[in-house]
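Just so we're clear, the structure is a prediction, and the values are computed from it rather than from any experiment.
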Amino acid sequence: MGSGREQEGRSGVRIGRLAQLSGVSRRALRYYEEQGLLTPARDVSGYRDFPDDAPELVAAIQAMYAFGLNSAAVRRFLPCARGADEELSLQMCPQLHAALSARRSEVRARIAELSAQEQALDAHLPT
């Protein structure tokens with residue numbers, strides 16, 4: 001008798017293997033599932049069965065978090081972002097491009113604000 005995966009004719013990746021392949025903890029993968037970013041199937045034993053392209057999807061999720069996007073934004077833009085093998089390459093829909101451009105502007109404004117604060121502190125503190 002085969003595994004539940006074989007019985008259902010499915011192939012895929014279990015959570016431990018996905019954690020290993022993606023370099024992301026099981027806890028983070030479960031969080032992504034809770035946030036609706038990853039949707040694994042369940043085999044007859046109840047184990048998570050992620051699609052074979054899940055490591056690329058996880059890479060895209062990680063990249064968007066690194067850009068400073070929150071879970072709602074990642075969920076919104078994930079359909080138009082795709083990961084590539086070793087190097088992540090996001091293929092962007094116009095909405096994701098616009099959101100990332102806006103985020104870059106926010107980051108630049110914050111950097112300028114922090115630089116001004118640093119200069120004010122430097123002017124009042126001995127070196």
Side-chain angles (χ1 to χ4, degrees):
M1 184 159 176
S3 71
R5 199 182 308 182
E6 291 167 348
Q7 289 173 357
E8 295 178 11
R10 295 187 50 81
S11 65
V13 181
R14 294 263 172 97
I15 194 167
R17 180 72 177 138
L18 179 56
Q20 186 180 37
L21 290 170
S22 65
V24 175
S25 71
R26 291 176 188 211
R27 182 177 179 181
L29 295 172
R30 286 189 293 270
Y31 175 78
Y32 296 164
E33 181 181 0
E34 289 171 10
Q35 295 299 306
L37 305 175
L38 288 175
T39 309
R42 296 283 182 154
D43 69 12
V44 295
S45 300
Y47 291 105
R48 290 172 177 87
D49 192 22
F50 293 92
D52 291 331
D53 67 346
E56 291 80 18
L57 189 59
V58 169
I61 292 167
Q62 292 267 278
M64 287 192 277
Y65 276 130
F67 297 150
L69 300 179
N70 62 28
S71 293
V74 173
R75 187 172 37 258
R76 179 176 169 211
F77 296 123
L78 197 55
C80 68
R82 298 289 181 265
D85 293 330
E86 307 245 337
E87 280 187 39
L88 181 67
S89 170
L90 290 179
Q91 298 173 359
M92 292 184 224
C93 60
Q95 297 86 358
L96 176 57
H97 187 273
L100 293 180
S101 293
R103 180 70 185 138
R104 181 175 53 196
S105 294
E106 292 169 7
V107 168
R108 286 179 176 166
R110 184 70 176 131
I111 288 170
E113 179 184 325
L114 290 171
S115 292
Q117 289 176 7
E118 180 184 33
Q119 289 174 0
L121 287 166
D122 287 347
H124 291 88
L125 292 173
T127 55

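Using a 4.5 Å heavy-atom threshold, the side chains of L37 and Y65 count as touching.
Under the rule for a side-chain hydrogen bond (donor to acceptor under 3.5 Å, both in side chains), R26 has no partner lying at least two apart in sequence or in another chain. For L114, the side chain to side chain contact (heavy atoms under 4.5 Å, CB included) partners are R110, Q117, not counting sequence neighbours. Here S101 pairs with H97, R104 under the side chain to side chain contact (heavy atoms under 4.5 Å, CB included) rule; sequence neighbours left out. Take Y31 and apply the ring pair (Phe, Tyr, Trp, His ring centres under 6.0 Å) test, not counting sequence neighbours, and it matches no residue. Taking the salt bridge (Lys or Arg N to Asp or Glu O under 4.0 Å) definition, one finds that E106 meets it with R103, sequence neighbours left out. Remark: A72 engages N70, R75 in a side chain to side chain contact (heavy atoms under 4.5 Å, CB included) (not counting sequence neighbours). With sequence neighbours excluded, no residue forms a side-chain hydrogen bond (donor to acceptor under 3.5 Å, both in side chains) with Y47. Checked against side chain to side chain contact (heavy atoms under 4.5 Å, CB included), Q20 has the following partners two or more places apart in sequence or in another chain: R17.
Distance CZ/F50 to CG/L57: 10.0 Å, rounded to 0.5 Å. From I61, atom CD1 reaches atom CD of Q35 across 10.5 Å, with rounding to the nearest 0.5 Å. Taking CG of L69 as the start and CG of L96 as the end, the distance is 7.0 Å to the nearest 0.5 Å. Taken from CG in L18 to CG in D49, the straight-line distance is 11.0 Å, to the nearest 0.5 Å.
In this structure, V107 shares a hydrophobic cluster with I111, the cluster being traced through Ile, Leu, Val, Met, Phe, Trp and Tyr side chains under 4.5 angstrom apart.
Donor-acceptor pairing under 3.5 Å is lacking for the side chains of S71 and Y32.
Applying the disulfide bond (SG atoms under 2.5 Å apart) test to residues at least two apart or on different chains, the pairs with a partner in residues 92-127 are C80-C93. For residues 27-38, the pairs satisfying salt bridge (Lys or Arg N to Asp or Glu O under 4.0 Å) are E33-R42, E33-R48, with sequence neighbours left out.
Nearest heavy-atom pair across A19 and S25 is CB-C, 4.3 Å. The shortest heavy-atom contact between P51 and V13 is O-CG2, 4.0 Å.
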